[in-house]
Amino acid sequence: MSTRAQPAAPAAMIDSLRAAFSGRLITEANDLEPFVIDWRRRYFGRALAVAQPDTVADVAAVVRWCAAQRVPIVPQGGNTGMSGAATPDESGHAVVLSLARLKKIRAIDTINNSITVEAGCVLSELRDAADQAGRLFPLSLPSEGSCTIGGNLSTNAGGVQVLRYGNARELCLGLEVITPDGEIWNGLRGLRKDNTGYDLRDLFIGAEGTLGVITAATLKLFPKPAAQITAMATVATPHAALKLLEQAQAALGSSLTAFELISDLCIDLVLQHFPDCRLPFAQRSPYYVLIESSDSEGAEHAEAQFEALMQRAIEAGLVDDAAVASSLAQSRAMWALRENISEAQALTGKNIKHDIAVPISAIGDFVEKTNALIAQRFPGIRMVVFGHLGDGNLHYNVSPPVDRCGPEHEAEFLALQPELNLITHDSVVAFNGSISAEHGLGQLRRDESARYKSPVEMALMRRVKQALDPLGIMNPGKVLPPA
Ligand code: FAD
Ligand code: 2HG
Ligand code: ZN
């Protein structure tokens with residue numbers, strides 16, 4: 001439960017908004033709560049109301065009403081974002097525009113290999129629809145049971161198959177968007193080639209709802225692999241994991257679909273909070289990698305390739321132990337160790353997140369150097385390091401020392417965030433990296449990002465925002481600091 005009460009919404013405003021569209025309008029304080037607090041429970045906002053339209057015309061009507069009233073709009077999908085981008089501020093002036101009821105699969109074209117869906121479609125439902133049509137939609141995130149494709153595109157989500165299929169941007173062929181003045185732009189062309197001027201689609205992808213509201217998207221589909229095989233291996237260091245990645249790429253080529261790094265503390269947290277999870281090794285190791293291959297020739301071929309890869313890696317001294325899943329259940333069990341990390345860390349208490357990217361080859365040096373800097377400055381602090389090694393993207397997260405975990409230590413720990421961010425992000429920048437690989441800026445990294453971007457880049461971003469949203473009503477306070 002939120003500790004802050006929602007102020008009573010001005011009745012006349014609510015009546016006027018209710019009359020503007022025919023979908024659902026939520027105004028009761030208790031019902032508003034799930035929409036004004038983020039998944040991590042780091043941001044507690046307030047809202048005038050939550051509007052949940054059922055049709056594109058009604059989304060446009062809500063936006064037009066907000067533009068006329070100068071009311072800020074906070075678009076929201078599954079509210080699983082990690083950067084506070086879908087949470088309104090504390091003023092209570094904003095309308096949360098929830099796309100949750102706009103979720104139809106509009107069309108599947110198996111010759112064009114594309115699918116057109118509405119923004120509120122939950123990612124796992126989209127993947128199921130593609131599967132039923134005999135195709136693969138490869139975007140895959142641990143939050144796929146709740147996040148929506150509109151949110152995925154607005155954050156340019158990554159996930160566990162980027163190294164083979166690319167992130168959300170690369171999977172998108174076209175968009176339908178409501179502009180901040182309430183016009184409908186239909187860009188659902190589904191073309192793989194289209195050089196007709198500025199790429200408007202790419203402006204809205206990754207914009208975190210600050211330039212318009214995505215109402216539908218046309219996305220790429222792929223052939224389903226004949227077999228998907230999962231394996232785990234123990235490695236001593238991220239450097240060893242990188243050498244294994246190189247060998248896996250050489251051995252598996254484009255069949256390599258996931259290559260994830262997991263540090264031992266992550267396994268500790270998962271085993272502690274998810275007692276059904278099992279580690280497939282007798283001995284613990286400082287790091288583990290989880291590898292997936294999507295093979296076009298079938299399971300036997302994939303298994304043989306994996307066995308050979310692991311054998312060579314053990315002989316080369318890169319890997320101490322390895323396990324290849326021989327059933328879907330074993331594969332799921334391995335993925336559960338990886339996919340439950342965020343939740344396990346959250347269950348341990350508040351944490352500080354860094355969603356960083358550096359060139360893949362630099363990951364080992366980055367971890368070694370930054371770990372040492374942080375350990376020197378904050379002895380006892382625990383690094384919860386995991387992520388998409390194959391993309392050069394790590395979740396370089398921080399938890400308090402074991403003896404300072406309780407809620408009574410929360411404020412003291414969170415007060416370290418500015419300095420921990422500074423150490424980590426300066427290190428990221430020294431390695432030519434990015435301080436947000438896949439989670440976006442939202443409110444969490446907005447000011448940090450502005451610190452590292454050049455004045456030219458900031459000025460161009462502000463001009464884009466001003467051109468598309470001159471009233472500044474689209475998700476204000478996110479991505480760009482106030483001018
Ligand atoms: P929301 O959280 O509702 O919104 C996110 C942003 O998009 C906000 O700025 C919002 O205003 C905007 N937005 C939402 N819908 C629209 C729309 N239709 N039009 C315009 N703007 C819109 N992320 C990854 O990239 N990779 C991962 O592996 C990953 N794993 C996760 C695991 C867990 C357990 C959790 C909780 C989160 C994870 N995330 C991951 C983060 C999150 O799931 C993604 O950012 C996801 O894309 C957000 O989708 P959503 O529908 O929940 O968006
Ligand atoms: C993942 O890869 C997500 O599991 C969440 O991006 C990362 O919790 C995190 O920091
Ligand atoms: Zn991730």
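- For the residue pair T230 and E292, a side-chain donor N or O sits within less than 3.5 Å of a side-chain acceptor on the partner.
- Between the side chain of E339 and the backbone N or O of A336, no donor-acceptor pair lies under 3.5 Å.
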Could you please spell out the steps behind the side chain to side chain contact (heavy atoms under 4.5 Å, CB included) verdict for V117 and R106?
-> CA-CA 5 Å; V117 297; R106 288 196 193 160; over 6 Å; no
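- Under the side chain to side chain donor-acceptor pair (under 3.5 Å) criterion, the residue pairs touching residues 396-406 are Q345-N397, Q345-S399, N371-Y396, R404-E412, with sequence neighbours excluded.
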List the steps, then state whether ring-ring contact (aromatic ring centres under 6.0 Å, His included) holds for H395 with H354.
-> CA-CA 6 Å; H395 301 304; H354 301 111; over 10 Å; no
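- For K224, the NZ atom is densely surrounded, since the number of other residues' heavy atoms within 6.0 Å is greater than 12.
- Under the side-chain hydrogen bond (donor to acceptor under 3.5 Å, both in side chains) criterion, T257 pairs with S294, sequence neighbours left out.
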Candidate pair R445 and S83, rule side chain to side chain donor-acceptor pair (under 3.5 Å), full reasoning = CA-CA 7 Å; R445 300 187 188 87; S83 311; 3.1 Å; yes
What do the steps show when you test I356 against F366 for side chain to side chain contact (heavy atoms under 4.5 Å, CB included), and what is the final call?
-> CA-CA 10 Å; I356 67 98; F366 167 82; 3.6 Å; yes
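- One side chain, T218 or T116, offers a donor N or O that lies under 3.5 Å from an acceptor on the other.
- Neither side chain, N79 nor D38, offers a donor N or O lying under 3.5 Å from an acceptor on the other.
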L175/I205 under side chain to side chain contact (heavy atoms under 4.5 Å, CB included): CA gap, chis, key distance, verdict = CA-CA 9 Å; L175 289 181; I205 297 174; 4.1 Å; yes
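- Distance alone, capped at 3.5 Å, places no donor-acceptor pair between the R40 side chain and the A346 backbone.
- A salt bridge links R284 to D268: at least one charged side-chain nitrogen sits closer than 4.0 Å to a carboxylate oxygen.
- The CD atom of E118 sits 13.0 Å away from the CD1 atom of I149 when rounded to the nearest 0.5 Å.
- Within 6.0 Å of the CD atom in Q376, the count of heavy atoms belonging to other residues, nucleotides or ligands does not exceed 12.
- Here E260 pairs with R338 in a salt bridge; the nearest charged N to carboxylate O distance falls below 4.0 Å.
- Looking at E315 and R312, no side-chain N of the basic residue comes within less than 4.0 Å of a carboxylate O on the acidic one, giving no salt bridge.
- Note that CD1 of I291 is 7.5 Å distant from CG of L252, once rounded to the nearest 0.5 Å.
- For R332, the CZ atom sits in a loose shell: 12 or fewer heavy atoms of surrounding residues, nucleotides or ligands are nearer than 6.0 Å.
- K220 pairs by the side chain to side chain contact (heavy atoms under 4.5 Å, CB included) definition with L173, R192, F222, not counting sequence neighbours.
- With no hydrogens or angles considered, no side-chain donor-acceptor pair links H273 and E343 at under 3.5 Å.
- Between the side chains of Q161 and S140, no donor-acceptor pair is found at a separation under 3.5 Å.
- At least one donor-acceptor pair under 3.5 Å links the side chain of T237 to the backbone N or O of A240.
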Chi angles and distances behind the side chain to side chain contact (heavy atoms under 4.5 Å, CB included) call for L99, T148 = CA-CA 9 Å; L99 281 301; T148 63; 5.9 Å; no
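- For CD of E410, the number of neighbouring non-hydrogen atoms (other residues, nucleotides, ligands) closer than 6.0 Å is greater than 12.
- Across every non-hydrogen atom of V384 and S263, the tightest pair is C-OG, 4.3 Å.
- In terms of modelled atom types and a separation under 3.5 Å, the side chain of N475 and the main chain of K478 share no donor-acceptor contact.
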Determine, stepwise, if the pair Q76 / S98 fulfils side chain to side chain donor-acceptor pair (under 3.5 Å).
-> CA-CA 5 Å; Q76 194 176 93; S98 161; 5.5 Å; no
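- Contact record, A217 with L153: CB-CD1, 3.4 Å, taken as the closest heavy-atom pair.
- Counted within 6.0 Å of CD on E300, heavy atoms from surrounding residues, nucleotides or ligands total 12 or fewer; the atom is thus considered open.
- For the side chain to side chain contact (heavy atoms under 4.5 Å, CB included) test with I360, the passing option among N393, L245, D391 is L245; the others fail.
- Q311 and E307 share no donor-acceptor pair across their side chains, judged by distance under 3.5 Å alone.
- The backbone N or O of L420 sits less than 3.5 Å from a side-chain atom of T424, completing a donor-acceptor pair.
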